[in-house]
> 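Got a structure here, written out as structure tokens. Questions coming.
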Amino acid sequence: MKGVYVEDVGAHEGSEVTVRGWVYNKRSSGKLQFILLRDGTGIIQCVAFKGNFSPEQFEALDRLTQESSVEITGKVRKDSRARGGYELDVTGFNIIQVTENYPITPKEHGTAFLMENRHLWLRSSRQHAILRIRHEVIKACRDYFDDLGFILVDTPIFTPNACEGTTTLFQTEYFDQTAYLTQSGQLYNEATAAAFGKVYCFGPTFRAERSKTRRHLMEFWMVEPEVAFATLDDIMDLAEGLICSVIERVLMRRKAELETLERNLAPLEGIARPFPRVSYDEAVEKMQKAGSEIQWGGDFGGGDETILSEQYTSPVMVHRYPAAVKAFYMQPDPVRQELALCVDMLAPEGYGEIIGGGERIHDHDLLLKRLKDHNLSTEPFQWYLDLRKYGTVPHAGFGMGIERVVSWICGLSHLREAIAFPRMLYRIYP
RNA sequence: UCCUCAGUAGCUCAAUGGUAGAGCAUUCGGCUGUUAACCGAAGGGUUGUAGGUUCGAGUCCUACCUGAGGAGCCA
């Protein structure tokens with residue numbers, strides 16, 4: 001018999017179907033057995049009555065353990081007592097494997113143990129909810145840009161040089177050369193933006209920083225739009241629209257998952273355009289008033305970001321940081337040369353920076369000067385300088401960290417649950 | 001890289017310097033409606049590693065290993 005997914009079982013009420021999956025949990029009471037079967041789309045309780053089976057068959061069912069793989073055939077029955085609304089009255093089954101000593105039990109476990117068993121932890125309903133929301137976030141991002149006429153042009157993962165120079169890169173062999181794993185698609189995005197007008201890339205990003213916090217991964221996913229002729233205000237509008245679109249979409253389609261995670265929906269539902277836009281100057285002032293030690297000219301610490309974002313219900317956009325604390329390619333503010341035309345978006349509830357971007361330098365000579373100021377070799381950047389020689393235009397873009405957004409939307413206490421297999425400072429297994 | 005804390009049964013945790021314990025998981029038995037089912041029984045240990053103090057160390061001291069939390073940097 002063809003298999004039916006648990007999420008579709010309701011459509012077959014009264015008829016016999018086969019569901020295929022893994023035993024989530026089991027309870028028995030002498031002549032009755034309750035098998036919770038999980039198939040990835042949902043969980044359904046399968047009820048087996050002793051009188052309907054031979055003693056050998058019933059005993060075989062009784063021997064099923066947690067995460068045993070099995071196909072169960074039964075009649076679909078609506079039942080108000082059941083979690084998903086339906087139960088299966090078991091008429092037959094085919095045991096594929098009886099699992100022995102499954103390490104993750106229904107009781108509590110520590111993080112270290114669960115991370116060691118991440119490949120199995122993914123089967124739990126909590127991880128299931130998070131990764132389904134991640135999927136929705138990614139799809140919402142793609143749809144948002146696609147609907148605005150953006151072209152997806154993915155950028156390389158192997159790169160010959162540093163994109164930003166400041167952060168550490170993972171180095172690898174590339175036959176006879178040295179290559180680095182990308183830490184941003186932005187530079188290549190600038191080339192494709194000059195080809196297609198408005199583009200985005202969506203891929204993994206690698207940072208070899210020895211960061212050990214709840215906000216960092218060594219490998220994470222980033223969506224980066226880049227738009228020719230765009231100004232700082234344009235991309236702030238774009239970023240605001242993206243976040244609203246993502247939040248709206250998750251609230252509409254993944255409410256059940258948010259409830260599984262016991263996420264308080266009010267802060268998400270309260271997010272509305274326009275997001276507050278605060279200059280770096282104002283932000284520093286507000287932080288100092290709220291008790292921060294920050295001085296003008298410095299970058300914000302995690303605590304500073306929280307102090308500022310706590311003053312708003314929507315994400316806040318901080319623009320025009322001092323150029324000195326930002327990357328070499330940032331366009332200076334024509335009004336105040338010491339400032340960069342850049343923006344960081346800080347998520348509410350203490351989740352910190354989720355977006356960073358700005359206008360890029362489009363003047364050839366200024367860019368060349370900045371490369372030299374940052375002690376970067378100009379040779380690997382020839383192609384990048386070319387973009388300023390052949391029809392240069394003002395342009396801007398930003399990057400959004402997927403795991404940080406997922407983490408915020410799900411209300412997670414650590415980024416590691418927002419990706420299936422997190423790469424962290426001291427953990428690369430499994 | 002720096003600071004703090006923690007390593008005891010497969011897992012989560014107890015145990016004043018004085019006989020190594022419980023719940024879950026596993027195995028066996030009981031129960032026709034269980035929802036982390038419940039009830040009864042059993043097996044399961046070089047207390048992270050190496051030294052040291054002591055009549056006696058899971059407990060105190062030193063070093064190392066592993067993990068967790070935080071800082072800096074960033075998305």
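Numbered from 1 within each chain, the chains take letters A, B, ... in sequence-line order.
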> Salt bridge check, A/D143 against A/R249: does any charged N sit closer than 4.0 Å to a carboxylate O?
yes
> Atom CG of A/N117 and atom P of B/rA25: how far apart are they, to the nearest Å?
17 Å
> For a quick check of understanding: with a heavy-atom distance under 4.0 Å over all strands, which category does A/E87 fall into, base, sugar-phosphate or nothing?
base
> Send over the distance from A/I43 CD1 to B/rA36 C1', rounded to a whole Å.
12 Å
> Out of B/rA25, B/rC73, B/rU1, which has the shortest distance to the side chain of A/H216?
B/rC73
> The side chain of A/S28 lies closest to which of these nucleotides: B/rC31, B/rA75, B/rU1?
B/rC31
> Just to be sure I understand the rule, does A/R77 reach a base, reach only the sugar-phosphate, or reach nothing, if contact means heavy atoms closer than 4.0 Å?
base
> What's the NZ-P distance between A/K26 and B/rC38, to the nearest Å?
14 Å
> Looking for any heavy atom pair under 4.0 Å, which part of the strands does A/G352 touch: base, sugar-phosphate only, or nothing?
nothing
> Parallel under 30°, tilted from 30 to 60°, perpendicular over 60°: which one fits the rings of A/Y384 and A/F328?
perpendicular
> Is there a donor on the side chain of A/R404 or the base of B/rC74 sitting less than 3.5 Å from an acceptor on the other?
yes
> To the nearest Å, how far apart are A/L120 CG and B/rC11 P?
14 Å
> How long is the line joining CD of A/E67 and C1' of B/rU26, in whole Å?
16 Å
> Base, sugar-phosphate or nothing for A/H109? Non-hydrogen atoms, less than 4.0 Å.
sugar-phosphate
> Counting distance alone, no hydrogens or angles: does the base of B/rU34 have a donor or acceptor under 3.5 Å from a partner atom on the side chain of A/Q45?
yes
> Using whole Å, what does the distance between atom P of nucleotide B/rG72 and atom CG of A/L425 come to?
16 Å
> Do A/E226 and A/N189 have a side chain donor and acceptor closer than 3.5 Å?
no
> Hunt down the Watson-Crick or G-U wobble partner of B/rG51, both distances under 3.5 Å, from any strand shown, or write none.
B/rC61
> Looking at every strand, decide which applies to A/K50 at a 4.0 Å heavy-atom threshold: base, sugar-phosphate, or nothing.
nothing
> Calculate the interatomic distance between A/N25 atom CG and B/rC24 atom C1'; express it in whole Å.
11 Å
> Between P on B/rC24 and CD on A/Q66, what's the gap in Å once rounded to a whole number?
14 Å
> Applying side-chain hydrogen bond (donor to acceptor under 3.5 Å, both in side chains) to A/S68 and A/Q97, what does each step give before you reach the verdict?
CA-CA 6 Å; A/S68 288; A/Q97 184 186 42; over 6 Å; no
> Using a heavy-atom cut-off of under 4.0 Å over every strand shown, decide if A/L217 touches base, sugar-phosphate, or nothing.
base
> Would you say B/rU1 has OP1 or OP2 under 4.0 Å from some side-chain N or O of A/R210?
yes
> Does any donor-acceptor pair link the side chain of A/S211 with the base of B/rC73 at a separation under 3.5 Å?
yes
> Contact class for A/M400 vs. all strands (heavy atom < 4.0 Å): base, sugar-phosphate, or nothing?
nothing
> With under 30° as parallel and over 60° as perpendicular, where do the rings of A/Y280 and A/F300 fit, or are they tilted in between?
parallel
> A/D281 and A/S279: side-chain donor and acceptor closer than 3.5 Å?
no
> Indicate, with a heavy-atom threshold strictly under 4.0 Å, whether A/T111 touches base, sugar-phosphate, or nothing.
nothing
> Does B/rC39 have OP1 or OP2 under 4.0 Å away from a side-chain N or O of A/R27?
no
> Under 4.0 Å between any heavy atoms, over every strand shown, what does A/F34 touch: base, sugar-phosphate, or nothing? Just pick one.
base
> Using a 4.0 Å heavy-atom cut-off across all strands, classify A/E403 as base, sugar-phosphate, or nothing.
nothing
> Output yes when A/K50 and A/D62 qualify as a salt bridge under the 4.0 Å nitrogen-oxygen rule, no when they do not.
no
> Measure from the ring centre of A/F220 to the centre of the six-membered ring in the base of B/rA75, then say whether that distance is under 5.5 Å and the planes meet at under 30°.
yes
> Contact class for A/R416 vs. all strands (heavy atom < 4.0 Å): base, sugar-phosphate, or nothing?
sugar-phosphate
